[in-house]
Amino acid sequence: MPLSVVGVSHDTAPVEVRERLAFGASEASQALLSIRREEGIQEEVLLSTCNRTEIYLFPSHAERSRSVVERVLSRKAGFSEDAVRQYLFQISGEAAVRHLFHVSTGLDSMVTGEAEIQGQVKEAYERAATLPVDPPMAGPVLNRLFQMALSVGGRVRAETPIGEGSASVASVAVELARKIFGSLQGKRILILGAGVTGELIVEALAREGIRGIVVANRTHERAVELARKHRGHAIPFEQISEALRSVDIVLSSTAAPHPVLTRSIVRDSFDKPRPHPLLIIDIAIPRDVDPAVGDEPEVFLYNVDDLRKIVDDHVQIREQALPKAAGIIESHSEEFRVWYSSLALVPVIRRMRKEARRHRDHELDRLLQGMSHLTEEDRERVREFSRRLVNKLLHQPTVRLRKGMARGGGAELVDAVRFLYGLEESDGPPPPLFRSEDSRAEVFRADEIEGNQRAGD
Amino acid sequence: MIHFAAFLLYFCAFVLWVILLFRGARGTGALLASVLSAAAVLLHALALGEFWLTHGELPLVGPGAALSSLAFVGGVALAVMLPMREVARVAIALLPVIVLMQGAALAVGIEPAAASLDFQGAGFVLHVGLAFLGLQGLALAFAAGSLYLIQHHELKEKRLGRIFFFVPSLATLERVGRIGIWLGFTSLSLALVVGWAWTVQHRGSLEISDPKVVWAVVSWLVFLGIFGARRGRGRTEYRSALAAVVGFAVVVGLYLALRITSGGEGLFL
């Protein structure tokens, strides 16, 4: 199968290189057009995320594909081709199909099972498919391949726990907050400490709609700075007990050598009924929150070890899904291989049917000339009979041919059919697949042939 | 026969929700469970309709028929929740209540009332309908409350496993429970007023020792207890959930006790 994927990923290149090779939407389109212009490759899709930049090429010659991509990527990154080469990987043939399925299901992601990649694959495919060029960038093969990759991704997510749970400390914090408060829209958070440790968690919570951000720090100026960054407000550290009354979440990451939030401080803040429980996330080491605070009935206290344990548990759940996910990928890879093999049959089947039609028309003409007494209705019946007969006679060979190709019959089977039906004399060598502008139509016609045949039966 | 089919569908829907709890509610599983639950409610409605057409009376009198109608009101509450993805999962706690009610109804026999009633007509239908709505409001609060306690426990124990993922958020459960309590309290209060007004008008006085009056009044007091639990310092949501669970258990326990002590006689439920 002359399919290749060439690119860089988190496995082959460090982030400094990956970020130089990340393509925006318009840059990706330009790159695709330049590859076609310079190399005449018919089908291309460029997938670019923060963890990978990959170009899928069909039909491709292994060496040529690599040098094309080297050139494109070196131009993008501003490196020499030699410098880019050391980070490149290339996968060809059926392994490239499997690779894309692994990517779309998140099995090849840095965080196994992450869901975002599915959307990014879809975006890459749609960008290629909608580029106004003829023939289309996502032609018959890549079109089918990416459609199948998206469906494999959906199936794996639906049938396995690959995407279950959160696999980072920040997303666990968000998950916890959601399970306590439902929507986080308008919820308030108190940040203790103005360091950068909790930054990811604050950003993740802010994306969920957390609005009231209150920052308390021993050095008030740093609290003001952090509050300004998150459009919150700063309070003196001594006022945290008062602030606790009105917030829903506390994120603590001070560098204090002793607990800054004790049970008595928390209790004092609960002198009025609270509308909701209080979630406290303590990611400081040593811990900022006295563990006894967790014994307060309306407090859910999680420290950094708790969060890491949850992440580990979730990663374990995802890893348990790997064998089943791999099985799904394998069966779809096989399905794609079978589909692809059947493409070689298209011209043979077309010729076979064309020949049969020619013989039928010839014999029909002879028959009907000698039966002038037949009414037009009867003549139509005879024509219909001949059509049905030819379809029935060709149905079994067509089905068997497809099965044979699926089992790996390959070129010998095609040659045998050509020999048996005398097709090599009338048509000459088979045309290469997808070299003409009609390639896509040709594939679909093959499906139509099969459909008509069923209808004829 | 249709009643039994509805019971089976309720049971199958419950089993499916339990499977989803342990295997993860991914893909079309949750949709299938919702469809099955809705089909059970629809079939139950058909069964009650058939009862009405066959016997010429609404299935509100006699233990079997009344229990089935009470279960159906719970089914309607369930059907309302099903389109809401997260809330639909309360089904896992509400369905067992419905299954037990319908099972009990089938066990005692869903038959028309043997005795003629002196309290009939629209007033009776309104009284019984409101009372059923009140009791199912409490059942809904019980279902949401029990899930709240489970989720609270999971969060306290820091176990973010299958139960954590399946059970809705505390805020959602609190909201469902609150709706159940207010709906139940309002309906039961109105049912009591309608029943009291009719009794005073036609009989001159209310028989306080009548088991159904005792039960209805205690049920109403249980609602007051739940409202009381929602007041005061801290843990209001938790106390409310706990009170709903305990309150429902009290109402069910009292019903069983009254039925046993009254020798299974009488028309009430």
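Labels below follow one simple rule: chain letters A, B, ... track the order of the sequence lines, proteins then strands, and each chain is numbered from 1. Hydrogens, waters and symmetry mates are skipped; everything else that's a heavy atom, side chains included, is used.
In terms of heavy atoms, B:Tyr148 sits closest to A:Pro277 at OH-CG, 4.3 Å. Among all heavy-atom pairs drawn from B:Leu155 and A:Ile180, the shortest one is CD1-CG1, 3.6 Å. The two residues B:Lys156 and A:Pro297 make their nearest non-hydrogen contact at CE-O, 3.5 Å.
Separation of atoms CG (A:Asp306) and CD (B:Glu157) is listed at 11.0 Å; rounding is to 0.5 Å. Going from atom CD of A:Glu298 over to atom CZ of B:Arg239 covers 9.0 Å, rounded to the nearest 0.5 Å. With rounding to the nearest 0.5 Å, the separation of CG in A:Asn303 from NZ in B:Lys158 is 5.5 Å.
Not one N or O on the side chain of A:Lys179 forms a donor-acceptor pair closer than 3.5 Å with the backbone of B:Ala171.
When each of A:Leu301, A:Leu176, A:Thr160, A:Val172 is checked for heavy-atom pairs under 4.5 Å with chain B, A:Thr160 comes out on top. Comparing A:Arg178, A:Arg155, A:Glu164 by how many heavy-atom pairs each has under 4.5 Å with chain B, the most go to A:Glu164.
The neighbour count for A:Glu116 CD, taken as heavy atoms of other residues, nucleotides or ligands under 6.0 Å away, does not exceed 12. The 12-atom threshold is not exceeded at CZ of B:Phe4, counting heavy atoms of other residues, nucleotides or ligands nearer than 6.0 Å. Counting heavy atoms of neighbouring residues, nucleotides and ligands inside a 6.0 Å radius, atom CZ of B:Phe165 exceeds 12 of them.
Neither the backbone nor the side chain of B:Tyr238 comes within less than 4.5 Å of any heavy atom of chain A. Heavy-atom distances place both the backbone and the side chain of A:Glu175 under 4.5 Å from chain B.
Residues of residues 308-322 of chain A lying within less than 4.5 angstrom of chain B, judged on heavy atoms, are A:Ile310, A:His314 in numerical order.
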